[in-house]
Amino acid sequence: MAKTFLKPGEVSSRKSFPEPNSSRLLGIGENAYDYESTIAASLLTRNTSLPIHNYKEALLYAVKEYRTVVVVGETGSGKTTQIPIYLLKAGWTNGGKAIVCTQPRRIATTTVAARVAEDLDGSKGTLGQVVGFAVRFDNCWDSERTKILYATDGALLRMMLTDPLLLKFQVVMLDEVHERTIATDILCGLLKKIQRLRSDLRVIVSSATVDAEKFRDFFETNDSEDSSYNTAVILSVEGRSFPVDIYYTTYPVQDYIQAAYETTLEIHKKEQDGDILIFVPSSEQVDRLVERFQSNELQICNLRKDRKSLYCVPLYSGLPYKEQLAAFQPAPVNERKVVVSTNIAETSVTIQGIDFVIDTGFCRIRVYSPETGMDFLCIQSISRASADQRAGRAGRNRPGKCYRLYTEDSYWNLLVEHSIPEMCRTNLATAILQLKAIGVENVMNFPFVDAPSAKSVATAFEVLYAIDAVTEDGVLSEFPGMVMADLPMEPFFARTLIAAKDFECIREIITIIAMLQVEQVHGDSVFKYSSSREHKSFESARKPFCVAEGDLLTLINIYDAFEASGHSMRWCGHHGIVPNLMKKARLLRRSIALSLSNVMYGLYGASALSHADELLSQKNPDPSSIIKAILKGFFMNSAVVQPDGSYLTLVGKKSVTIHPSSVLANRLPKYIAYCESIHLKRTYVRNITVIEPQWLIQVAPHVFEKRKSRIEEKWKNLISE
DNA sequence: GAGCACTGC
């Protein structure tokens with residue numbers, strides 16, 4: 001197959017394509033801005049200025065003639081909003097079918113849907129009718145009326161549990177495929193399989209230029225030499241970003257924090273107006289650099305004759321929401337804003353007004369080790385694709401500059417072309433459970449875009465077997481396996497939730513899952529104090545709720561106290577608790593209860609609602625019942641204390657340490673179980689509960705009974721040491 | 001006394 005690189009507007013076609021218009025017009029960015037609405041221009045102006053308009057005929061032709069169309073182009077082309085509209089107007093939804101367009105993130109899914117609804121009907125009020133969205137626990141669409149559905153990739157995957165051939169849809173568009181999220185990757189494989197059975201289905205994948213051919217070849221089914229039988233084609237659309245000048249260092253830098261600081265001062269001294277965005281790998285380094293700027297503010301404004309000042313704001317996901325907002329506020333007149341950010345600003349959010357990017361060339365990523373079953377967080381060099389994405393952040397409004405704190409030689413020879421896809425660096429238990437539930441019998445034969453290692457697939461099966469999701473032969477069990485796949489949460493929590501029925505503590509387990517979801521972001525808790533930066537305030541705010549059993553029951557206490565206060569804002573304020581997060585937990589509890597009513601009790605509509613309320617009514621179970629239900633999902637994460645205050649996991653014999661934010665950090669109970677572990681300098685465990693060793697044998701005899709005597713012997717030795 | 005990148009169901 002020819003591997004020529006196409007210019008914008010070119011299609012590798014068997015027939016001639018309509019010529020695109022040559023004009024290149026400018027307008028508002030395509031990516032929905034997350035923190036406030038920035039729809040400024042009139043819709044008419046915006047739409048006619050989108051580059052994608054020049055390719056409308058070419059696109060419709062390609063979709064008609066080919067089963068798969070790979071649309072390549074930078075952000076800002078308008079493809080996300082316009083392609084579904086073109087297809088709708090061209091009649092692709094006739095016959096009661098719809099178009100679905102996936103996004104990797106919830107916020108983009110809902111905001112894009114709102115914009116397209118407004119585009120079509122002139123009013124956002126129609127969202128949920130012709131145009132709708134589907135994200136977990138929030139469905140805003142109508143299976144009869146909705147013609148364009150925006151969904152998160154994970155939500156579409158979940159729909160395949162009930163509609164494995166996606167018969168509702170005539171066209172499936174996977175957007176941002178180059179991000180290689182695990183859900184998008186799995187959808188690619190599943191769609192390739194569906195295409196064998198449904199010749200009418202059209203697939204559009206939208207990707208960054210660099211890997212378009214990979215996806216075209218992945219979907220191409222023509223084995224013959226005759227390209228007129230090709231089933232997949234690339235359509236290339238230009239973006240609307242501005243040129244960005246790239247600068248490299250002459251020599252490798254020793255200290256990139258120092259280099260970033262100095263480069264910022266140079267820019268401030270010599271360059272015209274425009275804000276600066278600095279990418280560093282970790283939140284810790286963000287804080288360090290911000291502090292450095294803040295303590296030198298006076299000297300910095302003396303750098304310029306006009307004494308223009310410079311102020312610096314941090315940005316990372318763990319930062320309290322209100323503090324994040326400062327990064328998005330436009331800079332005051334005669335001040336220059338410097339945003340120091342982690343990877344969050346690379347794709348997840350867009351900051352307007354950035355003209356200069358400083359790229360350290362590093363990021364922190366999570367890597368799963370199937371050998372140890374542990375997650376590692378390590379700092380790595382970014383990929384060239386990432387570096388280009390970061391640079392592009394400077395060219396959204398006008399031409400910009402990007403300063404790379406590494407040499408050009410490093411860029412070409414040290415950085416890899418693409419980052420490792422999520423599929424190949426995460427625990428696959430959830431993904432494989434889903435594939436099994438959708439009906440993929442032989443996971444090793446699945447058409448992966450990039451296949452994960454056999455070892456990580458094997459480990460995932462072991463994990464699924466341990467929590468009863470699959471049999472010894474790797475076959476999905478009707479119960480609890482299928483039920484776990486149906487529940488919209490990680491399989492370990494699903495297992496716990498199912499067990500909660502037998503232990504009569506559904507209400508409590510739902511509360512724990514909801515609270516953990518809200519607390520998921522590190523450093524972020526329901527308390528307004530950061531557990532790391534304001535540790536003292538954090539601890540004293542949490543103290544009234546703490547119990548000796550550990551973090552999980554402490555979370556129940558916090559939630560129950562919030563309920564008892566009548567969801568009072570004043571109560572939250574008095575206890576240093578963020579009301580919005582508690583509100584979120586409250587909504588999540590109801591959503592989880594509703595899912596459980598649907599999935600486990602087969603209830604829908606009004607009866608599901610009243611059943612959900614019933615599940616959430618007070619039962620006051622024994623604390624040990626709650627912990628046993630937790631153990632049913634997390635017994636693999638049990639550990640015994642060591643003389644030095646660390647712990648040894650009972651399965652796998654790994655050394656772990658209680659994370660300083662845990663209520664058990666200084667108490668060192670003999671036996672614990674934890675919900676989460678992460679390896680930094682040491683392996684930290686979080687969300688911990690105290691357990692009795694005999695409970696392990698009770699909840700997981702298949703793992704602990706056989707080894708009971710041996711393990712007990714070992715424990716005796718460990719404790720007597 | 002030491003600390004988690006970013007998503008999603």
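Please read these numbers as outputs of a predicted model, since none were measured by experiment. Naming: A, B, ... by sequence-line order, numbering from 1 per chain.
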> Of the listed nucleotides (B/dC9, B/dG8, B/dC4), which one gets closest to any side-chain atom of A/Arg105?
B/dG8

> Could you tell me how far apart A/Arg425 (CZ) and B/dC6 (P) are, to the nearest whole angstrom?
13 Å

> Among B/dC9, B/dC6, B/dC4, which is the nearest nucleotide to the side chain of A/Val135?
B/dC9

> How would you label the contact of A/Leu680 with the nucleic acid (heavy atoms, under 4.0 Å): base, sugar-phosphate, or nothing?
sugar-phosphate

> Considering only side-chain heavy atoms of A/His535, which listed nucleotide, B/dG1, B/dC4, B/dC9, is closest?
B/dG1

> Using whole Å, what does the distance between atom P of nucleotide B/dA2 and atom CG of A/Leu377 come to?
18 Å

> Name all residues meeting the side chain to side chain donor-acceptor pair (under 3.5 Å) criterion together with A/Tyr684; count only those two or more places apart in sequence or in a different chain, and write none if there are none.
none

> Nearest heavy atom decides the nucleotide; on that basis, is A/Pro488 or A/Ile365 closer to the 5' end of DNA chain B?
A/Ile365

> Is it true that atom CD1 of A/Ile420 has more than 12 heavy atoms of other residues, nucleotides or ligands lying nearer than 6.0 Å?
no

> Using a cut-off of less than 4.0 Å, is there contact between a side-chain N or O of A/Arg682 and OP1 or OP2 of B/dG3?
no

> Identify whether any heavy atom of A/Glu490 sits under 4.0 Å from a base atom; if not, whether one sits that close to sugar-phosphate; answer base, sugar-phosphate or nothing.
base

> Is a donor-acceptor pair below 3.5 Å formed from side chain A/Glu676 to base B/dC4, judging by atom type as modelled?
yes

> From the list B/dG8, B/dC4, B/dG1, which nucleotide is the closest neighbour of the side chain of A/Pro660?
B/dG1

> What is the distance from CG of A/Leu664 to P of B/dA2, rounded to the nearest Å?
19 Å

> Just to confirm, is there a sub-4.0 Å distance from OP1 or OP2 of B/dC9 to any side-chain nitrogen or oxygen of A/Thr152?
yes

> Are any of A/Ser317's side-chain N or O atoms less than 4.0 Å away from OP1 or OP2 of B/dT7?
yes

> Does OP1 or OP2 of B/dC6 have a side-chain N or O of A/Thr347 closer than 4.0 Å?
no

> Rounded off to whole Å, could you give me the CZ-to-C1' distance for the A/Arg686 and B/dA2 pair?
14 Å

> Tell me every residue that passes side chain to side chain donor-acceptor pair (under 3.5 Å) with A/Tyr559, counting only those two or more places apart in sequence or in another chain.
A/Glu563, A/Arg589

> Is there a donor-acceptor pair under 3.5 Å between the side chain of A/Arg425 and the backbone N or O of A/Arg366?
yes

> Reckon A/Thr181 touches a base, only the sugar-phosphate, or nothing at all at heavy-atom distances under 4.0 Å?
nothing

> Short question: side chain of A/Asp163, backbone of A/Lys168 - any donor-acceptor pair under 3.5 Å?
yes

> With a non-hydrogen cut-off below 4.0 angstrom, is A/Ala183 in contact with a base, only sugar-phosphate, or nothing?
nothing

> Roughly how many Å is it from CD1 in A/Ile379 to P in B/dC6, rounded to a whole number?
13 Å

> Looking only at side-chain atoms of A/Ser348, point me to the closest of B/dC4, B/dC9, B/dC6.
B/dC6

> Ring of A/Tyr261, cation from A/Arg292 - is the NZ or CZ under 6.0 Å from the centre and inside 45° of the axis?
yes

> Quick one: A/Tyr316 OH to B/dC4 C1', roughly how many Å, whole number?
11 Å

> Using atom CD of A/Gln517 as one end and atom P of B/dC9 as the other, report the distance to the nearest whole Å.
9 Å

> Between B/dC9, B/dT7, B/dC4, spot the one nearest the side chain of A/Arg158, thanks.
B/dC9

> To the nearest angstrom, how far is A/Glu176 atom CD from B/dT7 atom C1'?
13 Å

> When you get a sec, tell me which of B/dG8, B/dC4, B/dC6 is the closest nucleotide to the side chain of A/Thr430?
B/dG8

